[in-house]
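Lettering of chains follows the sequences in order, A, B, ..., and the numbering in each one begins at 1.
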2 protein chains.
Amino acid sequence: MTNDTRPTIADVARRAGVSKGLVSFALNGRAGVAAETRDRILAVAADMGFSPSLRARSLSVGRAFACGLVIGRSPDVIAADPFFPSFIAGVEDEFSISGQVLVLAAATPGRHEEDTYRGLVADRRVDGVILSDLRADDPRIALVAELGIAAVTLGVPDVASPFTSVSVDDGAGIRLAVDHLADLGHTDIAHVAGPAGMLHGRSRADAFERAAAARGIRSRVVATDFSAADGARATDALLDADIPPTAIVYSNDNMAIAGLGRAQRRGLIVPRDLSLTGFDDAEIGRHLFPALTSVATDARGWGAAAARALLAATTGAPAEARMLPDPRLIVRASTAAPRAGTQTA
Amino acid sequence: MTNDTRPTIADVARRAGVSKGLVSFALNGRAGVAAETRDRILAVAADMGFSPSLRARSLSVGRAFACGLVIGRSPDVIAADPFFPSFIAGVEDEFSISGQVLVLAAATPGRHEEDTYRGLVADRRVDGVILSDLRADDPRIALVAELGIAAVTLGVPDVASPFTSVSVDDGAGIRLAVDHLADLGHTDIAHVAGPAGMLHGRSRADAFERAAAARGIRSRVVATDFSAADGARATDALLDADIPPTAIVYSNDNMAIAGLGRAQRRGLIVPRDLSLTGFDDAEIGRHLFPALTSVATDARGWGAAAARALLAATTGAPAEARMLPDPRLIVRASTAAPRAGTQTA
DNA sequence: TTGTACGCGTTATCAA
DNA sequence: TTGATAACGCGTACAA
């Protein structure tokens, strides 16, 4: 069909005067080929510019040499999330050197998440998938296990999982934020959390409550859907309280940015009247006024680690739980000591 | 290799008592199959839950049933760009219903852009690619043409191109912004542009100058690399001028947001002392204080249109130039009439 | 080391 | 016109 005149393995075999099988062995560096013969075959192959057809290989070995990432969230939410592009770049850092390719699929109006996974597997388009944005009792774990492909989860699921997990201790980041604020003298801190149904949202909220308790801080938590709009709403709700908090720890940067906007609209001066911290350390945060104090995770490193783990899993490596380095707190200008007398408990 | 017990076309043929070839013909609705026989074959196939192996099909017809998108920009810049996620969602809207898949590839530290395209084609992993972020004299046009795969360009290249283009008139959006500011009474407006080497950056800048001239407005343009950091720098430079502009039109939202931060840091009140407009209408913009006036394009619709065009191109449709609806200006709180007396020309 | 079957559809050729 | 047969795409794996 294609007018390809790419040399095939048969061409190489003919030119080298050996059989196809031997060429395959030589190319794959397997035993059973005399050194001299192998060198000759390799020379001929190189000379002819031969490279094996991925498609034929894919058909015969039953692998796709591709992995998938299914985006479940709406594009608006993703668009606001600095995590994915960096994460994907990290995945590519690994894939590009191992000849893998990343297949991106999105649940669309006409195709639900589960169908997306099923479709990918039905067509054998991927050897494995990256499961991100883990949810409570996430049905994808069982689904992907049933479908029989490899997977890695970003974070540790709250259900039994046969897959390798690659995690960052979000909680440690939240603790850094709380401790930072406590050190500044805050005694009444709120947390604008993600949905309880999302594991990282929940773990950040849990960590917040524990860290606040450990420092004897008055704490409250309000759940959101992680969107900027909801972050703004939550901020308003908190600031409408009889005794508003003097600091707010947000579960992501978007909400923190929206919260900052909200506070400023109300005439508050940040950080004088209210301290804010974000999570993700989005590039834009450092250009706001005031620049946003935020928790930084290495999304790119995470992507690379997940890709490595997934590659290992597709070749049969046993599942394990990997931890990445803890996030760091990048202190900027959105946090300061609370105004004296602000707090009248 | 795989322990698949998926029925093959041979199984269907056996069960239906016909040959493989006939099954193929029946399935693909080709002539030469008696209606009755075809119905029987189809019934058997459906009964067995047969679906053709994409891999085998791919091998025999020489198509990948996948298209690629190569990300050339650094992840930091992409992360800040709300365009891609929405665009990709739009692409998926189309691909998901036509059984195509989107392969995402990124230039990585170890692999340059050109090699990324070459790799994708060498392995025949894609039937076509989407060329985004067109540059001046973009070498990718000739490269992809040479590689012999289909493509669509986002915007019209400034070099001869054999590919379909799918474009939005950025300039119309910029004109809306300039006219809006002029209507408010601004007579000295600056443009923080993208790099001259990027076509959409350049076309926005050109449109800006034309629109300003048409309204008799004093204009100046400063080029950036599209990053927030550069947007901040450009803003500082403009505000350091002896007679700073009373309004700034930014070529994207990130720079506008960074510019807003910069202005505020200098003690300016936006929009009282300075009006700002963005481009992209990122979700976060409406939550800033003040909410950002911005030019909105339908990124998702653009993605869907590009996907449709690419699909058509892979099946041999002739190249054409498609235009999408003009962008709209979303007026929010970052623009207002200039302060009386501010401008002493 | 070689020969060959195999993975699985598609399509060209040919017979009825 | 309806259908069967076989070659093809290309690499891998196993028996000989």
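- Within the 4.0 Å cut-off from OP1 or OP2 of C/dG9, not a single side-chain nitrogen or oxygen of B/S60 is found.
- Residue A/T8 is classed as a sugar-phosphate contact, given heavy-atom separations below 4.0 Å to backbone atoms only.
- The two atoms that bring B/A306 and B/F87 nearest to each other are CB-CZ, 4.0 Å, heavy atoms only.
- With salt bridges taken as basic N to acidic carboxylate O contacts below 4.0 Å, none links B/R118 and B/D115.
- In this structure, A/R63 atom CZ and D/dT12 atom C1' are separated by 12 Å, rounded to whole Å.
- Put simply, CZ on B/F25 is 13 Å from C1' on D/dT1, counting in whole angstrom units.
- Residue A/S24 has its side chain nearest to D/dT12 when only D/dT12, D/dA7, D/dC14 are considered.
- Atom CG of A/L22 and atom P of D/dT12 are 13 Å apart (whole Å).
- Residues B/R55 and A/D123 are not paired through a salt bridge, judged by the lack of any N-O separation under 4.0 Å between the basic side chain and the carboxylate.
- Which of C/dG9, D/dT12, D/dG11 sits closest to the side chain of A/V61 comes down to D/dT12.
- Within 4.0 Å (heavy atoms only), B/A31 reaches no atom of the nucleic acid at all.
- Rounded to a whole Å, the CZ atom of A/R14 is 16 Å from the C1' atom of C/dT2.
- Between the CD1 atom of B/I41 and the P atom of C/dG9 there is a distance of 14 Å, given to the nearest Å.
- One can place CG of A/L54 at 14 Å from C1' of D/dG9, the figure rounded to the nearest angstrom.
- A/V23 comes within contact range of no nucleotide atom at all, as no heavy-atom separation falls under 4.0 Å.
- Regarding B/R6, its CZ atom lies at a distance of 7 Å from the P atom of C/dG9, rounded to whole Å.
- Checking each of A/I141, A/L69, A/L310, A/L154 against A/L131 for a side-chain contact (heavy atoms from CB on, under 4.5 Å) leaves exactly one that passes, namely A/I141.
- Of the listed nucleotides (C/dG9, D/dC10, D/dT12), D/dC10 has the atom at the smallest distance from the side chain of A/S53.
- Closest contact between the side chain of A/F50 and the listed nucleotides C/dT10, C/dT2, D/dG11 involves D/dG11.
- Comparing B/G17 and A/S51 along DNA chain D, the residue whose closest nucleotide (by nearest heavy atom) sits nearer the 5' end is B/G17.
- Relative to the side chain of A/A34, the nucleotides C/dT11, C/dT1, C/dG9 differ in distance, and C/dT1 lies closest.
- Between the CG atom of A/L27 and the P atom of C/dT1 there is a distance of 15 Å, rounded to whole Å.
- Looking at the side chain of A/R57, the nearest of the listed nucleotides D/dG3, D/dG11, D/dG9 is D/dG11.
- Between the side chain of B/D127 and the main chain of B/T314, no donor-acceptor pair closer than 3.5 Å is present.
- When distances are taken from the side chain of B/R30 to each of D/dT12, C/dC8, C/dT11, the shortest belongs to C/dT11.
- The residue among B/L59 and B/V33 whose nearest nucleotide of DNA chain D lies closer to the 5′ end is B/V33.
- One finds no salt bridge joining A/R40 and A/E36 here, because no Lys/Arg side-chain nitrogen approaches an Asp/Glu carboxylate oxygen to under 4.0 Å.
- Contacts of B/S58 with the nucleic acid, taken as non-hydrogen atoms under 4.0 Å apart, are absent.
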